[in-house]
Amino acid sequence: MSGPNARTITGDEYFYGHKACAGCGGALAVRIALKVLGKNAVAVLPAGCMSAVGFNFPNLCFANNAIISTFAGTASMMTGIEAGLKARGLSDYTVVGFAGDGGTADIGLQALSGCIDRNDDVIYICYDNEAYMNTGTQKSSLTPFGASTTTTPAGSVVRGNIREKKNLLEIVAAHGIPYAATASIGYLDDYMMKVKKASLIKGTKFIHVLAPCPTGWGAQTDMTVELAKKAVDTGLWRLAEYENGEFRLNRDITDPDGIRGYLRSQKRFAHLTDEDISHIVESRDARWGRSLP
Amino acid sequence: MTKAFVSGNEAFAQGIRLARPAVVSAYPITPQTVVVERLSEMVADGELDSNFIHVESEHSAMSCAIGASAAGVRVFTATSSQGLLYMAECLPYAAGGRFPIVMMNADRSVALPWNIYGDQSDSLSQISSGWIQFYAMNAQEALDMAIMSYRIAEDHRVSTPFMVNLDGFNLTHTYENVDVPDQEQVDSFLPPYSTTNKIDLEKPVNMGFTAGPAYNVLFKMSEHMGMLNARDVVPPVEDEFMRIFGRRYSGMVEGHLLEDAELVIVTLGCVSGLCMDVADRLREDGVKAGVLRIRYMRPFPDREVQSALLNAKAVCVLEKDVSFGNAGVVFSEIKSALYGSGCSCAICNRIAGLGGRDISFDDILAIFEELENRPTDVGFIGGSAS
């Protein structure tokens, strides 16, 4: 399908005037999704970065209806809102959730699972900045191997996070969800197409969008989009869809040797040894089911 | 109106059916299960036009209820004990958002030790959560409160969630004869929910926001005032209820033989009825016994307590909970209300019925006998295994 793109997307802003950090990938993910969904999007955001930067009374930054949920309750509040608006006889709206990696893959996973199980007609978007950034960069279950966070510091004995990133797409897909996808703010056309597609499908939709955080990753603030591209190009992050019971890859690896450069441009990976980097390359190859040079 | 022989849970479900919530979110827990089972049957049989949502936890039950209320519709949920505590984060959330959700809580013991039977430890641990708290005495009152609670909670001066507490098993599972009102009567008493505190596609709103130190007090004060306003809303709502349904309720508290009572038991929930029977019996012997039943723990009926106990000589607060390291929660509140009120009574605390232990006629008789000696201690009934 031909999705929305830079030429056709609306000039209207729905998430504006917030106080997110310079170069915030999460803010871009929210802003762009709302441009695709339009003014009748009803947004639910749990306690986390985007609610912290957008809802400081009296500076309320959403031009569409928006509400903060409890940290664990994004999906269940979406369920209630969807049921309530339907009961009012309304139909021209989209209930959309924006939760971070911790809010989705850790504390919010139970509610998300319940929501998918009920097949509630909502779009759940996880903006993944790979740690609890709002509280100052603590490890979540979507923090990648090797990353130094304030709770997985690069010490002399343990060098950062020792666990691999949880495979959230497959967890969600295992519910038999109507539509799930991964995306990256480095490839906005692809992301916008997926948000648009999700808005046209009945039932629960899930989009997991990689959204770099210069503050937490220790990167230049003008590198956010570049990092989000590189993660895809090197195969560390995949653009994929799950639909009608099948997975589909949307983009192949184009820069198989770029992993070292990607890692070295971020302070969170500064301590990694050659051995660690080899492990990351091997993990990437294993995930893709092939060995790359 | 029809007559029905039903349990407290079933009576409450009948009341909720008549209140027509658009959304019911529910997660099962003993001894609340029957109320949500009956509601799901009513939805399945088309007797209740409601979206029954099978949430995956109590936290989600309340989170979902908040979402539905924010969407502008009437909503119901029910829980008990561990479930109430699991959703505890969402209780002040609903109250702070001024969402007039009605929840039935089947009062039950809190683990550890595990115990499924009734006491009031669960709800009394949450009296500062911003919810109106009501304690029902019998199935008829439970049914009537299922209807009246929405009128009070949704009043624009109040806009506060409402928890109706039914003693687990003693009330939830005891069968009684009740009058079930007709739908037309209820519709004339309880109009559809109408609010401006809702998601609006024409005029979008930002809800559930952050308020820093500069504004926080304003919101909290407003929440406090809303809850206090319920004290003024309850009497006219009960008057109207009397006119339409013919049943009279007594406001924030219910006094029994208090006009000249010297020895008074203050209590709440279904054990109140037994206390009143014992007081009646003692009156036959010329003992000036009386009972003060706390119907609302929040907002707290301090003025009613002060005037009801003004001439009492000795008072015992009998309750099914303990705030470890201090005393019963209700005892502390009553004592606090009496300070400076001119009441010179001796006041003691008897903690009883924990984990469903029976409170017998003789137990209550013994309390009244003890009151002759004007005790002031905190004591347990049933502290030795038997």
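Quick caveat: nothing in here was measured; it's all calculated off a predicted structure.
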ask   = Contact part of B/V23 toward chain A, heavy-atom cut-off under 4.5 Å: side chain, backbone, both or neither?
value = side chain

remark   = Under 4.5 Å to a heavy atom of chain A? For B/A70 that would be side chain

If you count the non-hydrogen atoms of other residues, nucleotides and ligands that lie under 6.0 Å from [atom1] in [X], is the total more than 12?
{"X": "B/H156", "atom1": "NE2", "value": "yes"}
{"X": "A/D92", "atom1": "CG", "value": "no"}
{"X": "B/F219", "atom1": "CZ", "value": "yes"}

Heavy-atom cut-off 4.5 Å, strictly under: side chain, backbone, both or neither for [X] against chain B?
{"X": "A/A43", "answer": "neither"}
{"X": "A/L90", "answer": "side chain"}
{"X": "A/N64", "answer": "backbone"}
{"X": "A/D117", "answer": "neither"}

Top contributor to chain A interface from [options] [non-hydrogen pairs under 4.5 Å]:
{"options": "B/S60, B/G72, B/S69, B/S50", "value": "B/S60"}
{"options": "B/N206, B/I66, B/L201", "value": "B/N206"}
{"options": "B/N51, B/D200, B/D49", "value": "B/D200"}

So [Y] and [X], do their side chains get closer than 4.5 Å, heavy atoms only?
{"X": "B/T210", "Y": "A/S51", "result": "no"}
{"X": "B/S57", "Y": "A/Q110", "result": "yes"}
{"X": "B/Y93", "Y": "A/I68", "result": "yes"}

query = Which residue out of A/P58, A/C61, A/S113 racks up the most heavy-atom pairs below 4.5 Å with chain B?
reply = A/P58

query = Who among A/A87, A/C115, A/A75, A/G84 has the most heavy-atom pairs with chain B under 4.5 Å?
reply = A/G84

query = Between A/F57 and B/Y215, how do the two ring planes meet: parallel, tilted or perpendicular, split at 30° and 60°?
reply = perpendicular

